[in-house]
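Presented below is the structure to which this report refers.
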Amino acid sequence: MAEDFDVSLNETAVYHPDPSFRNQEMYKDYATAYRDFLKDPDGFWRNIASDLVWFRPWDTICEWEYPFARWFVNAQCNITYNCLERHVKNHRRNKVALFWRGEGEQERILTYDHLYKDVMQFANGLKKLGVSKGDRVCIYMPMIPEQVIAMLACARIGAVHSVVFAGYGASALNQRITGAEAKIVITAESSVRRGKTIPLKPIVEEALLHAPTVEHVVVLRTQQPPVTLVPDFEVDFYELMNGAPKDCPPEVMDAEDPLFILYTSGTTGTPKGIVHTCGGYMVGAYYTTKYVLNVMDNDVYWCTADPGWVTGHTYGIYGPLLTGATIFMSESTPDFPDPGIWWKLIEEYGINILYTAPTAIRTFMKFGEEWPDRYDLSSLRILASVGEPLNPEAFLWFYHTIGKKRCPIIDTWWQTETGMHMITTLAGEPMKPGYAGKPIPGVVADVVDRDGNTVPPNQGGFLAIKEPWPSMMRTIFRDEDRYRKYWESGNHPYYSTSDLAVKDNDGYIMILGRSDDLIIVSGHNIGSAEVESALVSHQAVAEAAAIGKPDPLKGNIVKAFVTLIEGYTPSDKLTGDLKYHVRQTLGPISVPAELEYTDTLPKTRSGKIMRRVLRARELGMDPGDISTIDE
Ligand code: PRX
């Protein structure tokens with residue numbers, strides 16, 4: 001069965017996985033499930049939400065006052081109760097919640113009971129520092145169990161966490177700390193990458209030079225001898241935790257209270273603080289982890305994303321803990337100490353579900369089949385992908401070389417803003433390489449023109465979401481206008497994803513790329529404007545433009561065009577300096593892979609740089625309408 005495939009509509013190969021992959025507990029087949037959802041959307045969400053524990057039930061499922069939604073209105077809950085007590089009080093008390101592997105052979109194992117106790121005690125530590133419901137806490141840590149404990153401890157007491165990926169530089173971190181008006185920053189002295197120690201605390205110190213809201217920094221000390229802390233301002237992670245009372249009842253949260261803020265790049269230089277809530281996000285994360293990723297009670301589940309990104313939030317931590325799964329988490333990079341490391345870990349831990357990104361898959365393709373072929377991968381049941389289009393070549397490699405034609409490939413399309421999966425091909429449904437799939441039950445999505453009218457099949461358009469869903473962002477922190485813009489498109493208002501897409505005759509959606517100035521590099525969002533403002537903050541740079549250029553491994557790379565201030569001349573040394581400057585300001589992921597000096601940049605008569613023209617020139621394409629260009 002699994003080997004069956006046919007080439008039908010649009011000459012796309014269709015792969016038919018074994019229908020027994022369908023999560024029978026949840027749905028018979030996609031078409032029936034989707035029809036059932038459309039017949040009774042409230043009933044659909046009520047059923048799912050009823051699996052979870054609420055301290056007070058909702059009055060209504062959804063109140064929609066365009067463009068603002070409230071879900072599970074007046075219900076009360078705490079996501080940590082559902083992630084921890086719900087399991088500890090039932091049969092999962094001694095079940096492994098988290099297997100963690102460091103880059104070396106270090107291993108840490110936390111049962112649900114351990115995690116529950118650590119979270120409560122650290123939560124009490126935060127209370128001792130004066131953190132209370134609604135306060136923002138910035139978490140800047142590597143991928144270690146303490147990062148999970150810190151996030152859940154915030155949620156336990158109703159503090160709003162804002163996790164910042166530990167690869168960000170000081171200026172990017174400062175923007176996120178001050179933007180969220182964080183009261184506390186939780187960090188680690190250092191992280192590890194490819195055997196090297198990477199100091200984090202100095203980056204935090206620099207980021208805090210102008211961060212007036214921060215009252216304390218909690219530091220996980222990792223080195224010997226441990227770093228000296230500034231009395232009263234800096235606090236040791238474990239001293240804080242171990243000195244606190246053990247029992248911490250969950251804060252009673254309104255379903256609409258904020259759970260976290262997560263910053264994502266936008267089309268301006270200022271990142272957007274996406275706000276997610278306690279009730280709706282919880283339901284969305286639970287539903288999709290169970291329904292889309294098919295996580296079952298006995299599974300060991302590995303999501304390779306760092307909790308610094310939304311995938312790490314929803315599918316690295318909250319979703320799997322809500323379903324009571326065993327999470328595998330590893331700091332490891334795909335090629336260290338050798339390109340067999342991931343496959344070795346899969347064999348060793350008997351991993352059943354692997355959720356990763358196309359860029360990682362393409363990296364492994366480059367290393368060759370001999371690496372995965374050395375290990376027993378028969379424990380794998382489901383393979384999933386996120387972050388950028390899974391190109392057919394990568395799909396096929398994943399399907400054949402890793403999944404051995406047994407495992408469905410689940411390409412999940414979603415965003416920081418959506419909080420949960422939106423478009424995918426459910427396990428057991430026919431798969432089309434190159435196509436993410438269809439809107440999942442619970443989601444109404446379409447490909448539309450600018451006005452919101454559906455475009456005919458096989459014609460490109462904008463990917464739009466037409467109805468609210470529980471885990472949709474509620475606002476952008478301190479910037480409601482920017483939130484409204486997502487819903488302000490066309491005559492038939494819809495949530496604009498800013499992705500371009502095409503739908504085939506069977507309703508399968510292929511994501512074509514972004515319609516705005518976001519560059520997706522290795523599945524990470526990078527704003528052209530952020531890179532440009534980092535470049536122009538260098539003394540030699542007059543103007544800069546950054547575009548995305550397709551790359552076989554990373555999906556895209558950043559290419560920057562730079563004009564210099566009088567008196568500076570292009571040189572390899574200056575290029576190195578500029579790249580270093582971007583690295584220090586924003587972090588390594590934003591560094592332009594290519595940098596070109598130019599005397600002028602194409603601009604509109606009003607002075608706006610036309611990145612579109614640069615992109616077309618770079619790719620040898622038609623630049624389109626250039627009537628507004630200033631000669
Ligand atoms: O352009 C789409 C791309 O990543 C964007 C969202 O980025 P972010 O908020 O950082 O969240 C990434 C993880 C959910 C989308 O607008 N994207 C994400 N998943 C896919 C994708 N593009 C194509 N296929 C996907 N499966």
Side-chain angles (χ1 to χ4, degrees), residues 163-165 167-168 260-267 271-276 281 284-285 288-289 292-293 303-316 318-319 355-362 383-392 394-395 398 409-426 431-440 443 445 447 462-465 471-473 476 486 495-503 508-527 530 548 550 554-556 589-590:
V163 181
V164 178
F165 174 58
Y168 272 117
F260 67 84
I261 299 175
L262 184 58
Y263 280 88
T264 183
S265 295
T267 51
K272 300 181 280 196
I274 305 298
V275 177
H276 281 290
Y281 174 82
T288 45
T289 305
V292 176
L293 294 174
C303 166
T304 63
D306 188 294
W309 311 111
V310 74
T311 306
H313 278 60
T314 308
Y315 301 108
Y318 285 117
Y355 190 19
T356 191
T359 189
I361 300 167
R362 291 192 295 260
L383 298 173
S385 166
V386 61
E388 55 182 313
L390 181 64
N391 51 307
F395 176 105
F398 211 22
I409 306 290
I410 304 186
D411 176 6
T412 59
W413 178 92
W414 60 296
Q415 305 178 306
T416 307
E417 292 89 333
T418 70
M420 68 171 202
H421 299 144
M422 303 294 278
I423 292 169
T424 192
T425 303
L426 296 173
M431 305 177 286
K432 295 191 184 190
Y435 288 80
K438 302 181 184 181
I440 60 171
V443 172
V447 179
F462 299 97
L463 181 62
I465 315 292
S471 66
M472 60 190 261
M473 69 165 159
I476 295 194
Y486 280 87
Y495 167 86
S496 163
T497 66
S498 295
D499 276 337
L500 300 168
V502 62
K503 192 161 75 171
Y508 279 67
I509 294 173
M510 175 187 279
I511 311 296
L512 301 171
R514 300 282 309 180
S515 66
D516 59 7
D517 287 313
L518 272 195
I519 309 170
I520 312 277
V521 179
S522 300
H524 299 137
N525 269 352
I526 293 174
E530 277 175 311
K554 298 183 168 182
N556 295 284
I589 49 168
S590 305

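Every number for a ligand or one of its atoms is a count from 1 in the order of the listing. One-based numbering along the sequence shown.
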**Q.** Ligand-side contact atoms (ligand 1) for residue partner I511, heavy atom cut-off under 4.0 Å
**A.** 22 (N), 23 (C), 24 (N)

Q.
Using 30° and 60° as the class boundaries, would you call the ring planes of Y318 and H313 parallel, tilted or perpendicular?
A. tilted

Q. Taking the six-membered ring for Trp, are F165 and H524 parallel (under 30°), tilted (30 to 60°) or perpendicular (over 60°)?
A. tilted

Q: Please confirm whether D411 comes within less than 3.5 Å of ligand 1 when only nitrogen or oxygen atoms on both sides are compared.
A: yes

Q | Geometric N/O contact T412 with ligand 1, under 3.5 angstrom | A | yes

Q | Which residue and heavy atom of the protein sit nearest atom 10 (O) of ligand 1, plus the separation | A | N525 ND2, 3.3 Å

Q | Atom pair CD1 (I589) and OG (S265), whose distance is rounded to the nearest 0.5 Å | A | 7.5 Å

Q) Hey, does the side chain of T497 reach the backbone of A464 with a donor-acceptor pair shorter than 3.5 angstrom? A) no

Q: Closest by any non-hydrogen atom to atom 25 (C) of ligand 1: pick that one out of R514, K272, M422, E388.
A: E388

Q.
Give me the residue, atom name and distance of the protein heavy atom closest to atom 6 (C) of ligand 1.
A. W414 O, 3.7 Å

Q: Classify the contact between A436 and ligand 1 as side chain, backbone, both or neither, using a heavy-atom distance cut-off of under 4.0 Å.
A: neither

Q: Drop me the distance from N525's CG to R514's CZ, to the nearest 0.5 angstrom.
A: 6.0 Å

(Q) I'd like to know if the side chain of Y281 pairs up with that of T314 as donor and acceptor (distance under 3.5 Å, no hydrogens or angles considered). (A) yes

Q) Identify the closest protein heavy atom to atom 11 (O) of ligand 1: which residue and atom is it, and at what distance? A) T416 N, 3.6 Å

Q | Nearest option to atom 3 (C) of ligand 1, as decided by whichever heavy atom of G387, G523, G419, G555 sits closest | A | G387

Q.
Using a 4.0 Å cut-off to any heavy atom of P389, which atoms of ligand 1 qualify?
A. 22 (N), 23 (C), 24 (N)

Q) So, S471 side chain and T418 main chain: donor-acceptor pair closer than 3.5 Å or not? A) yes

Q: Nearest 0.5 Å please: distance from the CD1 atom of I423 over to the NZ atom of K438.
A: 12.0 Å

Q. Is there any N or O on T497 that sits under 3.5 Å from an N or O of ligand 1?
A. no

Q | Point-to-point distance, once rounded to the nearest 0.5 Å, from CG of L463 to NZ of K503 | A | 10.0 Å

Q | Closest protein heavy atom to atom 13 (C) of ligand 1, given as residue, atom name and distance to 0.1 Å | A | T311 OG1, 3.5 Å

Q. Which residue holds the protein heavy atom closest to atom 15 (C) of ligand 1, what is that atom called, and what is the gap in Å?
A. D499 OD2, 3.2 Å

Q) What do we get for H524 next to ligand 1 when only non-hydrogen atoms under 4.0 Å count, side chain, backbone, both or neither? A) neither

